[in-house]
Number of protein chains: 2
Amino acid sequence: MSKKNLKKQQIIEAAIEVFSKNNFQNSTISQIAQKAEVAEGTIYQYFKNKEDLFFSIPVEKTKDFCRELELHLQGITGTFSNIRKFIWYYLYFFKMNPGYGRTLMLEMRVNKSFAKTKAYDSFKNLTDRILEIIKEGQEEGVIRKDVNIFITRQLILGILEHVVTRWLLKGETYDVLEHYQDVSDLVLHGIGLSKGE
Amino acid sequence: MSKKNLKKQQIIEAAIEVFSKNNFQNSTISQIAQKAEVAEGTIYQYFKNKEDLFFSIPVEKTKDFCRELELHLQGITGTFSNIRKFIWYYLYFFKMNPGYGRTLMLEMRVNKSFAKTKAYDSFKNLTDRILEIIKEGQEEGVIRKDVNIFITRQLILGILEHVVTRWLLKGETYDVLEHYQDVSDLVLHGIGLSKGE
DNA sequence: TATTATAAATGAACGTAATTCAATTATTTG
DNA sequence: CAAATAATTGAATTACGTTCATTTATAATA
């Protein structure tokens, strides 16, 4: 890594620490500068402003998220198994990275600027991937032809976001993976009486 | 209304206008004071701080939300019809109150302090109501006995929050009620092949 | 290596906005 | 009507993001 990028990385490391302890509002540039052992002005050489620095944080982590998901999906056949694995992995990743979760779920995801960030581009891979799985399922005939695949994706992402957000707001006091089976079952079969998988 | 509460109401009215035009961060006390025609210091007589004022805003609106939902559910029999109506009404309310939506969905719902507010207490009525509907459905036998009713609630609230949040982030450029049928169908039947309702 | 040119880093200074508080004005009470 | 109490005010304080003139480090050149 070049010398310039090294210092940039130094600042990001410090920002991660500060931003995931407090939130955006309560984190200060001077705290970050101190932790990174640079002057406050230096930060503005590398980032347009506080928000720009904030949005630079989850880029790498989100790439990891997608890369490792791909690995976990390898060798799994069958649409339902893939969806189950997707749900499991999604919850697992946040369980292992609660700081990332707090920043992404409680602050970035609800910010209008987020859609324009690099982290969002990475995150889009994730949502594209689940759409692909749904599409394949429909072609294979295990998913009804008359369901809207985009709404299906929203169902899956919706419950996952809700479950993770709730867990974070409750201070991560229980295991977010606890109900992964129930979540999968509901998504796959709905709440009505079913003839089984 | 007492004279004291009148002035408090005056401040809240002004705050609603200012906070739903800009967001929390970009709204200033001085803007609100000007609109309410009081001095900045007066605001601190009625509210602990900016956040406290912010959280006082959605209390009344949320009460309306619950009250009107109850009205819409009147005279509907059958669990599935009730769930459909709940979903329709939820989307409808945000369609009619986008300013409230932006404040509640994008700012309050992801704030740890929200759970301690009066608005949250009102909102809880809403989530209690859907749980009740689900419970009744299970007792009547139209909902599978083996589904977790709490996770079922999370499924419904999850997709609704996701749909509304997406719509708000996209600048309310389409009709959020557009896919209400698809959403209901998916929640009720899941994505797997089904023998029909 | 010495000199110059360019880039990076600094932190004091500035502007903005939340919050406080001593002084002022309005209202109630005896 | 005077004294006591409560409400209102806005200037002062404080805190923080951002800028910029100056200094320090690095690279280029001869």
Side-chain angles (χ1 to χ4, degrees), chain A residues 1-58 102-103 106-108 110-114 116-117, chain B residues 1-58 102-103 106-108 110-114 116-117:
Chain A
M1 199 184 304
S2 73
K3 209 160 191 180
K4 190 162 178 183
N5 281 333
L6 202 110
K7 185 148 276 184
K8 185 169 182 175
Q9 202 50 41
Q10 223 177 91
I11 294 170
I12 289 185
E13 300 290 348
I16 288 172
E17 252 191 87
V18 174
F19 278 129
S20 69
K21 197 165 295 168
N22 315 288
N23 59 10
F24 179 79
Q25 166 77 13
N26 295 327
S27 302
T28 69
I29 292 289
S30 101
Q31 279 177 296
I32 295 166
Q34 232 174 302
K35 266 232 160 50
E37 292 177 304
V38 297
E40 298 178 28
T42 308
I43 291 176
Y44 289 86
Q45 206 111 43
Y46 294 92
F47 302 94
K48 228 176 46 246
N49 51 36
K50 189 180 170 188
E51 205 184 49
D52 182 38
L53 169 58
F54 186 56
F55 281 128
S56 303
I57 288 178
R102 282 192 293 275
T103 301
L106 307 184
E107 308 207 70
M108 301 210 169
V110 291
N111 186 314
K112 278 194 181 176
S113 312
F114 179 53
K116 296 173 215 136
T117 64
Chain B
M1 197 183 306
S2 73
K3 209 161 189 180
K4 191 163 176 180
N5 280 335
L6 202 108
K7 186 147 277 185
K8 187 170 181 175
Q9 202 50 41
Q10 223 177 92
I11 294 169
I12 289 186
E13 300 288 351
I16 288 171
E17 253 191 87
V18 174
F19 277 130
S20 68
K21 198 164 294 172
N22 314 288
N23 59 11
F24 179 80
Q25 164 79 14
N26 296 326
S27 302
T28 70
I29 293 290
S30 102
Q31 279 178 295
I32 294 166
Q34 232 174 301
K35 264 228 163 48
E37 292 178 302
V38 296
E40 298 178 28
T42 308
I43 291 176
Y44 290 87
Q45 206 109 40
Y46 295 93
F47 303 94
K48 234 182 35 250
N49 52 36
K50 188 181 170 187
E51 205 184 49
D52 182 36
L53 170 57
F54 186 57
F55 280 128
S56 303
I57 288 180
R102 282 191 293 274
T103 302
L106 307 183
E107 308 206 71
M108 302 211 169
V110 291
N111 187 314
K112 276 192 181 175
S113 312
F114 180 54
K116 293 172 217 135
T117 65

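The sequence lines fix the lettering, A, B, ..., with proteins before strands; numbering per chain opens at 1. Predicted model only: the values in this text are computed from it and were never measured.
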Flag side-chain contact, heavy atom, 4.5 Å: A:Arg102 against A:Phe19 = no
side-chain contact (heavy atoms from CB on, under 4.5 Å) partners of A:Asn23, counting only residues at least two apart | A:Gln25, A:Asn26, A:Glu107
A:Glu37 has an atom CD; how far is it from atom C1' of C:dA9, in whole Å?
-> 14 Å
NZ of A:Lys8 versus P of C:dA7: gap in Å, rounded?
-> 18 Å
With sequence neighbours left out, write down each residue that passes ring pair (Phe, Tyr, Trp, His ring centres under 6.0 Å) with A:Tyr44, or none if nothing qualifies.
-> none
Rounded interatomic separation in angstrom, taking CG from A:Leu53 and C1' from D:dT18 = 14 Å
Which residues pass the ring pair (Phe, Tyr, Trp, His ring centres under 6.0 Å) test with A:Phe55, sequence neighbours left out?
-> none
Qualifying salt bridge (charged side-chain N to carboxylate O under 4.0 Å, His left out) pairs with a residue from residues 16-39 of chain A, counting only residues at least two apart or across chains | A:Glu17-A:Lys35
Candidate nucleotides C:dT10, D:dG10, C:dA9, ranked by approach to the side chain of A:Tyr46 - the nearest = C:dA9
For the pair made of CD in A:Gln34 and C1' in C:dA9, what is the distance, rounded to whole Å?
-> 17 Å
Gap between atoms CD and P, on A:Gln45 and D:dT18 respectively (whole Å) | 15 Å
Nearest-Å distance for atom pair NZ/P, residues B:Lys7 and D:dA6 = 17 Å
Can you tell me how far P of C:dA8 sits from CZ of A:Phe47, to the nearest Å?
-> 14 Å
Just how far, in rounded Å, is C1' of C:dT20 from CD1 of B:Ile43?
-> 14 Å
What does the list of N/O pairs under 3.5 Å between the protein and nucleotides 15-17 of chain D look like, with a distance for each?
{"from": "D:dG17", "atom 1": "OP1", "to": "A:Ser27", "atom 2": "O", "distance (Å)": "3.1"}
{"from": "D:dG17", "atom 1": "OP1", "to": "A:Lys50", "atom 2": "NZ", "distance (Å)": "2.8"}
{"from": "D:dG17", "atom 1": "OP2", "to": "A:Ile29", "atom 2": "N", "distance (Å)": "2.8"}

Pairing residues for A:Ser30 by the side-chain hydrogen bond (donor to acceptor under 3.5 Å, both in side chains) criterion, not counting sequence neighbours = none
